Amino acid sequence: MSLGEYSLSFPISVEFGNGTSERTGEVIAAKGWETALVVTDQGIRAAGILDGVKASLETEGIDYEIYDDVEPNPTTAMVHDALETLEAGEFDVVVAVGGGSVIDTAKCATLLKTNSGDLSEYEVNVPEDVTSGSIENHTHPLITIPTTAGTGSEVDYWAVITAPDRKFKMAIGQPPLYPDGPYLGADVSLVDPELTASLPPRQTAATGFDAFSHALENHVAAGAPELVKPYTRHVMGLVPEYLPEAYESGAMEAREQLLFGSHMAGFCENFAGFGAIHSLAEVTGGMYPEIPHGEAIAVFTPPVMRYNLEAYPARYAEVAEAMGVDTSGLSETEAAHEAVAAVESLIDEVDLPSSLSELGVEEDDLREIAEKSMETIEIHDNPREADAEDLLDVARDAY
């Protein structure tokens, strides 16, 4: 079997480990930067999670301001508000401390700092958009420091921002298209498991399952390069092993393993696509912004797996094996169904919702969710082809 073709470019400098966030000031000083805008949210600031970062900035004599108005499921208005703050000061670097919402907001603000036009001009809906080179200039310098173990946004080339007028989550992104080419993302990522210690159980469950879903969809995606599969297999085994413990006790060992899994899956996102799980979940989140992304992901995962495995049972048999399911003596199709059962068991074990009705989605909205999902970039990498009617059937299964 041919291994196919792939290209690899990963220009982000990464440090992983407990206490790495306390090196923020040292890293900034080493770069010759003198001023920083810290982008975060009010909950992180109130919880004292910024304290180590602030202390490191002060130790190195880095002047900084804090912007903490980011909210979950960030909108275009939030990006422009953060951009105004960035443009009002002479900040050498942006430091994003938070989950996916904070990091995505910071990414897009740094994008618009150095590239003209409206954010919607950088939206990607089809594969050709990704390689069009719409991001012409390097973004403003950015350091990412994640506080949740789920999105992998600290090391990926993508952001998701809601356009309220469309009730639609736009995918913004671009990898380096040539050596040293511009991309959407960080210059440096400091990945510190200790910053996830205060994450509440429900968020731990939702973000942790999101990390699992990244690995799952990357593994089975159409055209997924062999490069990512050792990583995706590892994450699909790691999350079921450690997420229940992190959810129940918050033990640091489990949190460290989960953040490593999320971080690894974030790396894989740059080289393999997603699929119908993320298409449907992101559209649902655009229409119902109060729904946490990871909870929508959990609801759609088993129905999408059931749809896809009809055409690609072998890929989902690999998911079962990665999750530690004993598949000896089973056909590929039987093993694939065991993968669905294992995922449903994990969802139940960490008390995540299992239906759209639990999330408050109106049944009358299912057709619109299905139709809008066809406009997303993620649907193009789903392993099994799907049209709006197929996705409507999936959404009904999820209801």
Side-chain angles (χ1 to χ4, degrees), residues 70-78 99-101 104 120 123 125 150-151 159-172 200-203 205-210 212-214 216-217 274-308 310 340 343-382 384-399:
V70 179
E71 297 178 5
N73 291 319
T75 64
T76 50
M78 290 181 206
S101 295
D104 285 1
S120 63
E123 181 179 2
N125 300 103
T151 69
V160 177
I161 302 294
T162 299
D165 57 327
R166 296 160 56 194
K167 295 184 178 179
F168 187 78
K169 287 188 173 185
M170 300 187 298
I172 312 293
R202 183 168 179 172
Q203 283 181 271
T207 56
F209 190 84
D210 190 23
F212 174 83
S213 76
H214 293 164
L216 168 64
E217 288 215 288
F274 285 123
I277 296 171
H278 276 76
S279 295
L280 290 160
E282 288 180 359
V283 167
T284 301
M287 294 171 62
Y288 291 84
E290 70 279 7
I291 295 177
H293 175 67
E295 295 188 15
I297 288 288
V299 165
F300 281 114
T301 297
V304 170
M305 292 177 71
R306 281 191 285 269
Y307 173 79
N308 285 336
E310 291 184 19
V340 179
V343 169
E344 289 176 326
S345 177
L346 177 61
I347 290 169
D348 182 64
E349 191 171 2
V350 295
D351 300 313
L352 286 170
S354 58
S355 70
L356 290 172
S357 58
E358 285 182 66
L359 294 177
V361 173
E362 296 291 335
E363 191 169 6
D364 290 345
D365 285 336
L366 297 187
R367 180 168 292 279
E368 183 178 358
I369 290 170
E371 291 174 350
K372 281 186 171 181
S373 294
M374 295 303 298
E375 302 172 22
T376 65
I377 184 66
E378 292 88 353
I379 197 61
H380 296 278
D381 286 307
N382 197 62
R384 182 183 178 188
E385 288 191 12
D387 59 22
E389 289 302 316
D390 295 323
L391 295 184
L392 179 57
D393 288 342
V394 172
R396 286 171 174 157
D397 186 13
Y399 199 78

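Atoms considered below: every heavy atom in the structure, side chains included; atoms not considered: hydrogens, waters and symmetry mates. Everything numeric in this text was worked out from a predicted model, so none of it was measured.
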How far apart are the C-alpha atoms of Ser120 and Met170, what are their side-chain angles, what is the distance that settles it, and do they pass the side chain to side chain contact (heavy atoms under 4.5 Å, CB included) test?
CA-CA 8 Å; Ser120 63; Met170 300 187 298; 4.1 Å; yes
Could you check Phe168 against Thr162 for side chain to side chain contact (heavy atoms under 4.5 Å, CB included), going step by step and ending with a plain yes or no?
CA-CA 6 Å; Phe168 187 78; Thr162 299; over 6 Å; no
Working note: Thr151 + Val160, criterion side chain to side chain contact (heavy atoms under 4.5 Å, CB included); need CA distance, chi angles, decisive distance, verdict.
CA-CA 11 Å; Thr151 69; Val160 177; over 6 Å; no
Using the side chain to side chain contact (heavy atoms under 4.5 Å, CB included) rule, take Val304 and Asn382 through it: C-alpha gap first, then chi angles, then the decisive distance, then the call.
CA-CA 10 Å; Val304 170; Asn382 197 62; 4.3 Å; yes
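For His293 (side chain) and Ala206 (main-chain N/O), no donor-acceptor pair under 3.5 Å exists by modelled atom type.
In this structure, Val350 and Ala205 approach most closely via the heavy-atom pair O-CB, 3.7 Å. When all heavy atoms are compared, the tightest approach of Ser213 to Thr301 is CB-OG1, 4.5 Å. Nearest heavy atom pair, residue Thr76 against residue Ile161, reads N-CG2, 3.5 Å. The minimum heavy-atom distance between Tyr288 and Glu362, with the atom names listed, is OH-N, 2.9 Å. Closest heavy-atom contact between Ala388 and Glu371: CB-CG, 4.1 Å. Across every non-hydrogen atom of Pro353 and Leu359, the tightest pair is CG-CD2, 3.6 Å.
In this structure the side chain of Glu349 never reaches within 4.5 angstrom of the side chain of Glu344, judged on heavy atoms. Put simply, the side chain of Arg202 reaches to within 4.5 Å of the side chain of Glu295, judged on heavy atoms. Side-chain contact between Ile277 and Leu216: present, with at least one pair of heavy atoms (C-beta onward) separated by less than 4.5 Å. Looking only at side-chain heavy atoms (C-beta outward), Asp351 and Pro201 stay at 4.5 Å or farther from each other.
With sequence neighbours excluded, no residue forms a ring pair (Phe, Tyr, Trp, His ring centres under 6.0 Å) with Phe300. With sequence neighbours excluded, the residues forming a side chain to side chain contact (heavy atoms under 4.5 Å, CB included) with Glu310 are Arg384, listed by chain and number. Residues meeting the salt bridge (charged side-chain N to carboxylate O under 4.0 Å, His left out) test with Glu71, sequence neighbours left out: none.
Classification of the Phe212-Phe209 ring pair by plane angle, with boundaries at 30° and 60°, yields tilted.
Atom CD1 in Ile291 sits 9.0 Å away from atom CG in Asn73 (nearest 0.5 Å).
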Atom pairs and distances, donor-acceptor, side-chain atoms in residues 372-379, under 3.5 Å, two or more places apart:
unit_1 : atom_1 : unit_2 : atom_2 : d
Lys372 : NZ     : Arg166 : O      : 2.9
Lys372 : NZ     : Lys167 : O      : 3.3
Lys372 : NZ     : Glu368 : OE2    : 3.2
Ser373 : OG     : Ile369 : O      : 2.7
Thr376 : OG1    : Ser279 : OG     : 2.8
Thr376 : OG1    : Ser373 : O      : 2.8

Only pairs under 3.5 Å count here: list side-chain donor-acceptor contacts from residues 390-398, not counting sequence neighbours, and write none if there are none.
unit_1 : atom_1 : unit_2 : atom_2 : d
Asp390 : OD2    : Tyr307 : OH     : 3.3
Asp390 : OD2    : Asp387 : N      : 3.0
Asp397 : OD1    : Arg306 : NH2    : 3.4
Asp397 : OD2    : Arg306 : NE     : 3.1
Asp397 : OD2    : Arg306 : NH2    : 3.3

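Among pairs with a residue in residues 278-290, none fulfils salt bridge (charged side-chain N to carboxylate O under 4.0 Å, His left out), at least two apart in sequence or across chains.
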